[in-house]
Amino acid sequence: SALASSETKLSFKNGKLMLDVTLVPKMLQPGSTYYVVSGYDKVEAKAQNETSFAASLPFDVAENNQVYAVIETEEGSLQEKLPEIYVEQYLAIDIRSMSLEETDKKIVMDLTAVTEESAVFLKSLKEVSAVVLNGKNEEIRRLEMKESEVSLPDSEHDYGFAHKAFTVNLPEELYEMDLFKVIVKLKNYGVTMTSDEIYQYSKDGTEMNGVMGAGFRISFEE
């Protein structure tokens with residue numbers, strides 16, 4: 001390896017998801033130029049100090065983000081594969097609590113960002129939907145969830161980097177169905193995060209009020 005070390009992390013700039021890469025070569029050769037390549041993007045890494053070089057390039061969430069360092073010298077060029085990048089490394093949001101107010105059928109959901117990158121994702125999050133499914137898991141309705149006042153955890157048990165809360169009222173006509181379920185979708189920066197069931201109702205008296213899974217599955221723009 002021509003590199004002593006490398007570091008990658010996600011950032012959010014001007015509404016876009018970016019990949020920030022820092023390269024530390026083992027040996028600095030005069031006249032060498034350093035690049036970071038991912039897909040069709042090739043960006044020159046600029047000197048940060050006497051030992052490291054940094055570049056920032058767009059992160060395409062829908063593609064396999066294999067990243068390479070390219071060192072061009074007077075003798076030729078050397079390409080080195082960097083560790084693969086997975087969005088799940090950086091984006092993790094948990095449902096910290098979920099409850100249903102019986103009087104007006106209002107779902108109240110508190111979210112926690114588990115990583116620093118998730119905190120940026122959560123703080124700028126505006127598209128939050130409660131998706132209603134029938135017994136065949138087919139979407140029959142999508143309800144916008146509104147941001148509300150968050151119930152913060154006490155400092156001793158607060159593992160999060162950011163917190164937000166959202167609410168939605170379930171229409172009365174849903175309760176005329178034999179069965180319906182509710183899941184939640186978060187959308188931001190081309191990333192869709194989908195929860196497991198947070199609520200289920202059936203006319204036979206079975207009612208589930210809680211969270212089947214604490215986190216969200218990640219997919220990309222539908």
Side-chain angles (χ1 to χ4, degrees), residues 15 17 61-64 86-115 117-154 157-222:
L17 202 57
V61 293
E63 297 294 331
N64 176 21
Y86 300 96
V87 178
E88 292 86 347
Q89 291 174 261
Y90 304 98
L91 296 183
I93 291 177
D94 283 353
I95 299 177
R96 184 171 56 84
S97 67
M98 205 292 297
S99 61
L100 179 79
E101 296 179 3
E102 288 290 344
T103 51
D104 52 5
K105 301 297 184 186
K106 178 193 285 185
I107 290 177
V108 181
M109 179 181 68
D110 288 335
L111 300 178
T112 290
V114 184
T115 64
E117 289 85 359
S118 300
V120 180
F121 183 95
L122 184 60
K123 286 175 182 177
S124 61
L125 183 62
K126 295 182 175 64
E127 191 174 347
V128 182
S129 304
V131 181
V132 183
L133 309 174
N134 60 18
K136 297 179 181 178
N137 289 323
E138 298 167 332
E139 180 178 334
I140 57 172
R141 194 149 181 185
R142 190 169 291 217
L143 308 167
E144 180 186 358
M145 298 191 77
K146 302 287 189 181
E147 189 171 346
S148 63
E149 186 175 345
V150 65
S151 174
L152 293 173
D154 61 78
H157 299 95
D158 185 7
Y159 59 86
F161 287 84
H163 305 279
K164 266 194 178 183
F166 295 88
T167 64
V168 65
N169 289 86
L170 299 177
E172 281 295 332
E173 59 263 28
L174 288 178
Y175 291 86
E176 298 172 8
M177 299 177 61
D178 291 333
L179 170 71
F180 73 88
K181 310 169 187 178
V182 180
I183 62 174
V184 173
K185 286 185 180 286
L186 317 177
K187 288 190 174 185
N188 206 7
Y189 295 102
V191 176
T192 300
M193 305 183 81
T194 305
S195 76
D196 290 329
E197 291 175 31
I198 63 168
Y199 179 71
Q200 178 177 306
Y201 169 84
S202 65
K203 275 191 175 178
D204 65 8
T206 304
E207 188 169 3
M208 186 277 291
N209 175 5
V211 184
M212 297 287 285
F216 289 81
R217 298 183 306 279
I218 295 176
S219 58
F220 306 108
E221 208 71 272
E222 300 171 352

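Counting from 1, the numbers follow the sequence of the chain as shown.
Applying the ring-ring contact (aromatic ring centres under 6.0 Å, His included) rule to F180 yields the partners Y175, Y199, Y201; only residues at least two apart in sequence or on another chain are considered.
A side-chain N or O of S97 and one of D110 form a donor-acceptor pair less than 3.5 Å apart. If you check the side chains of S124 and N188, you find a donor sitting under 3.5 Å from an acceptor.
Between the R96 side chain and the A113 main chain, no donor and acceptor come within less than 3.5 Å of each other. Of the possible polar contacts, none joining the S195 side chain to the I183 backbone as a donor-acceptor pair under 3.5 Å is found. Within the 3.5 Å criterion, the main-chain N or O of Y90 finds a donor-acceptor partner in the side chain of S118. A donor-acceptor pair under 3.5 Å is absent between the side-chain atoms of K105 and the main chain of L100, judged by distance alone. With D104 contributing its side chain and N169 its backbone, the two residues share no donor-acceptor pair below 3.5 Å.
Between atom OG of residue S148 and atom NZ of residue K106 there is a gap of 7.5 Å, rounded to the nearest 0.5 Å. Distance CE/M109 to CZ/F166: 6.5 Å, rounded to 0.5 Å.
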After noting the C-alpha distance and the side-chain angles of R141 and E173, does the key distance pass the salt bridge (charged side-chain N to carboxylate O under 4.0 Å, His left out) rule?
CA-CA 12 Å; R141 194 149 181 185; E173 59 263 28; 3.0 Å; yes
Test salt bridge (charged side-chain N to carboxylate O under 4.0 Å, His left out) applied to R217 and D196, step by step:
CA-CA 8 Å; R217 298 183 306 279; D196 290 329; 2.5 Å; yes
Using the rule given for side chain to side chain contact (heavy atoms under 4.5 Å, CB included), can you reason through I95 versus F216, listing the C-alpha separation, both sets of side-chain angles and the distance that settles it, and then say yes or no?
CA-CA 8 Å; I95 299 177; F216 289 81; 3.6 Å; yes
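Between K146 and E144 there is a salt bridge, with a side-chain nitrogen of the basic residue lying less than 4.0 Å from a carboxylate oxygen of the acidic one.
I198 places a side-chain heavy atom less than 4.5 Å from the side chain of V184.
Just one of L143, V168, T167 meets the side chain to side chain contact (heavy atoms under 4.5 Å, CB included) condition when paired with I107; it is V168.
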